[in-house]
**Student:** 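Handing you a structure now.
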Amino acid sequence: MALTPLVYWAQRHEEIYLRVELTDAQNIAVHVQENVLHFRAQGRGAKGQNEYEFSLELLLPVKPDVCVSYKSTQRQVNITVRKEQRGWWERLIVQERKPVFLAPDFDRWLDESDAEMETREKEEKRNRLKAMRQKEEGFVSLKTVFLFVYNLVQFLGFSWIFVNMTVRLFIFGQDSLYDTFHTISDVMFFCQILATVEVLNAAFGLVRTGVTPALIQVVGRNFILFIIFGSLEEMHHQPVVFFVFYLWSAIEIFRYPFYMLGCFNTEWKTLTWLRYTVWMPLYPLGVLAEAVAVIQSIRIFDETKLFSIPLPEAIGSSISFSYILYIYLVLMFLGLFINFRHLYKQRKRRFRTKKRKAN
C-alpha cells in the first residue's frame, strides 16, 4: 500500500513550490488533473524504502501539465507549478484544514510584500542584464563592421598591387622591375600607413592576437618602405623593390580575406589552409629581400651622409646612418625568428584544434 511523504510548500505571485522529502526517488510521476496535483514515486521516505504518493486539490486553477516541472536530487524532489493567474493565495489547498503531511517550506517562505519586492528586484536585474547585453551587442556589431571594412580596404589595396605588378611583369617583362616604385609606391604607402591600425587593434583587444608580432611587422615594413625606399631616390629603380612589394602583397591577399570571413564566424577551408601555409616560404623570402635592400642602401647612406648623427668637433664629424642599418639587420633576423615562431604556433594550434573537432 502506498505511503504519504512529507511535503513542504511555498509560493510566489506566479508559482507554487513543493518540496517532497524522498531520498533517491525513482519512477517519478507528477501531473495535474482537474486542478488536482497527483504525485507518485518510489524512494526512501519517513517510512523507509517504499512507494509514496499524494494528491492535493489546489485552491485556485493552475496551468496544465506542460507548465508543471520537477527536479529530483539525492535528498528530495522539487516541484514547480505555474499559477493560471498571477496573484497571492491565502492557502495552498481547497480544504481549510491542511493534511498532516503538508507544512510550510520556511527555507523559501516569503510573505506577499517580500515576494513582490523579490519580483521587482529580479525584474530590475533582468532589465540591467538586457541593457548590458544590448550595449555589448551594439559594440560587437560596430566592432565587426569596423574590422570588416578595414580588412576589405587592405585586401583591395594589396590585390591591386599584386595584380598590377603581375600584369606589368607579363607585358613589360624584365623592364617592369625597374619602375615598380613609381607605379606602385602610392598605394603601398597608403596600405602600410593603414596597417598601423593592426597594432592598435591588438593593443585595445579588438582582435585576439599579440601586440609584439603586429608591431614587429608594421615597424619593419614601414622602415623599409619609408627609410630605405622612400628617402633614397637611388633605390627607386632597384629590382629589389619589385621583389619586396610582390612578396608582401602575395601574403596579404590571403590574410585579409581570411580575416574578413572571420568577422562573421565564416570559414572557407581552402582559404584557411592558404592563410596558414603560404607565409612559410613567402615570409622568409620577404625578409631576405628586405635585407638585400638594406645592404644595397648602406653604400648610399655612407656617400650621401643622409640621417647621419652629428658629433661634437672634438670627437669627430658624425656617425653614419649605416651603423644603425647594421644593427637593424641583426634585429630584422631576430624579428624573423619571433614572428616565424608565432605564426607557426598559430598554424599548429589552428589545425590541431580542427583535427580534434573532426575526431
Side-chain angles (χ1 to χ4, degrees), residues 153-154 156-162 164-165 168-169 172 174-200 211-252 282-313 315-339:
V153 171
Q154 289 289 65
L156 293 176
F158 281 106
S159 296
W160 182 91
I161 293 172
F162 184 82
N164 190 293
M165 294 178 68
R168 288 177 57 81
L169 182 63
F172 301 108
Q174 187 175 347
D175 292 339
S176 67
L177 304 182
Y178 299 98
D179 64 348
T180 299
F181 186 85
H182 293 292
T183 57
I184 303 297
S185 61
D186 288 342
V187 180
M188 184 62 78
F189 278 130
F190 171 79
C191 290
Q192 285 306 131
I193 291 173
L194 190 60
T196 56
V197 173
E198 295 183 29
V199 181
L200 299 177
V211 177
T212 302
L215 185 63
I216 290 174
Q217 176 167 303
V218 171
V219 171
R221 285 189 177 183
N222 284 343
F223 182 86
I224 297 296
L225 181 61
F226 288 93
I227 303 300
I228 304 301
F229 294 154
S231 64
L232 297 177
E233 189 174 345
E234 293 86 346
M235 292 295 297
H236 293 180
H237 304 287
Q238 296 294 331
V240 70
V241 178
F242 174 89
F243 294 105
V244 170
F245 285 6
Y246 203 73
L247 290 167
W248 286 357
S249 59
I251 293 174
E252 306 301 18
L282 297 182
Y283 184 58
L285 287 174
V287 173
L288 181 61
E290 294 172 22
V292 171
V294 172
I295 293 171
Q296 289 180 350
S297 70
I298 289 177
R299 177 186 59 81
I300 303 172
F301 279 110
D302 284 336
E303 293 175 354
T304 60
K305 303 297 182 181
L306 184 64
F307 300 140
S308 295
I309 303 173
L311 296 175
E313 294 182 2
I315 299 176
S317 59
S318 63
I319 298 178
S320 175
F321 187 69
S322 60
Y323 293 112
I324 296 178
L325 295 180
Y326 287 122
I327 297 174
Y328 179 77
L329 284 172
V330 177
L331 295 177
M332 179 186 295
F333 286 99
L334 178 62
L336 169 65
F337 172 76
I338 294 174
N339 268 10

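Quick caveat: nothing in here was measured; it's all calculated off a predicted structure.
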**Student:** Could you report the tightest heavy-atom contact between W160 and T183, atom names first, then the distance?
**Tutor:** CH2-O, 3.7 Å
**Student:** With rounding to the nearest 0.5 Å, note down the distance linking CZ in F223 to CZ in F229.
**Tutor:** 11.5 Å
**Student:** Kindly write out the residues that satisfy ring pair (Phe, Tyr, Trp, His ring centres under 6.0 Å) with H182, not counting sequence neighbours, or none if the list is empty.
**Tutor:** H236, H237
**Student:** Mind checking what makes salt bridge (Lys or Arg N to Asp or Glu O under 4.0 Å) contact with D302, not counting sequence neighbours?
**Tutor:** none
**Student:** Mind running side-chain hydrogen bond (donor to acceptor under 3.5 Å, both in side chains) on Q217 and W248 for me, showing each step along the way?
**Tutor:** CA-CA 11 Å; Q217 176 167 303; W248 286 357; over 6 Å; no
**Student:** Is there side-chain contact between V240 and V244, with heavy atoms separated by less than 4.5 Å?
**Tutor:** yes
**Student:** Please report the closest heavy-atom contact between I227 and F301, naming both atoms and the distance.
**Tutor:** O-CZ, 3.8 Å
**Student:** Over all heavy atoms of both residues, which pair between C191 and G157 is shortest? Give the atoms and the distance, please.
**Tutor:** SG-CA, 3.7 Å
**Student:** Would you sort out whether L225 and F245 count as a side chain to side chain contact (heavy atoms under 4.5 Å, CB included), showing the intermediate values?
**Tutor:** CA-CA 9 Å; L225 181 61; F245 285 6; 3.7 Å; yes
**Student:** Apply side chain to side chain contact (heavy atoms under 4.5 Å, CB included) to residues I224 and M235 and explain how you reach the verdict.
**Tutor:** CA-CA 11 Å; I224 297 296; M235 292 295 297; over 6 Å; no
**Student:** Considering residues at least two apart in sequence or located in another chain, which fulfil the salt bridge (Lys or Arg N to Asp or Glu O under 4.0 Å) criterion with E234?
**Tutor:** none
**Student:** Within this structure, what is the CG-OG1 distance for the pair L232 and T304, rounded to the nearest 0.5 Å?
**Tutor:** 6.0 Å
**Student:** Looking at every non-hydrogen atom in both residues, tell me the closest pair between S231 and F307 and how far apart they are.
**Tutor:** OG-CE1, 3.6 Å
**Student:** Please name the pair of heavy atoms, one in I228 and one in A293, separated by the smallest distance, quoted to 0.1 Å.
**Tutor:** CG2-O, 3.7 Å
**Student:** Pick out which of D175, L177, N164 makes a side-chain contact (heavy atoms from CB on, under 4.5 Å) with L169.
**Tutor:** L177
**Student:** What distance separates E252 CD from Q154 CD, expressed to the nearest 0.5 Å?
**Tutor:** 7.5 Å
**Student:** About how many Å separate CD of E233 and CD1 of I300, when rounded to the nearest 0.5 Å?
**Tutor:** 10.5 Å
**Student:** Under the rule for salt bridge (Lys or Arg N to Asp or Glu O under 4.0 Å), what residues qualify as partners of E198, not counting sequence neighbours?
**Tutor:** R255
**Student:** To the nearest 0.5 Å, tell me how far L336 CG sits from L331 CG.
**Tutor:** 12.5 Å
**Student:** Counting N and O atoms only, with roles assigned by atom type, does the side chain of S176 sit under 3.5 Å from a partner on the main chain of F172, one being a donor and the other an acceptor?
**Tutor:** no
**Student:** Would you call D179 and R168 a salt bridge, using N to O less than 4.0 angstrom?
**Tutor:** yes
**Student:** Would you sort out whether F181 and M188 count as a side chain to side chain contact (heavy atoms under 4.5 Å, CB included), showing the intermediate values?
**Tutor:** CA-CA 9 Å; F181 186 85; M188 184 62 78; over 6 Å; no
**Student:** Using the test ring pair (Phe, Tyr, Trp, His ring centres under 6.0 Å), find all partners of F189 that sit at least two apart in sequence or belong to another chain.
**Tutor:** F226
**Student:** Can you check whether Y326 reaches I298 side chain to side chain, under 4.5 Å on heavy atoms?
**Tutor:** yes
**Student:** Tell me the closest heavy-atom pair linking N339 and P213, and the distance in Å.
**Tutor:** OD1-CA, 3.2 Å
**Student:** List for me each residue that meets ring pair (Phe, Tyr, Trp, His ring centres under 6.0 Å) alongside F333, sequence neighbours excluded, and say none if there are none.
**Tutor:** none
**Student:** Answer whether the closest heavy-atom distance between the side chains of N222 and T196 falls below 4.5 Å.
**Tutor:** yes
**Student:** Has S159 got a side-chain atom pairing as donor or acceptor with L156's backbone, closer than 3.5 angstrom?
**Tutor:** no
**Student:** In Å and rounded to the nearest 0.5 Å, what is the OH to CZ distance from Y328 to F321?
**Tutor:** 10.0 Å
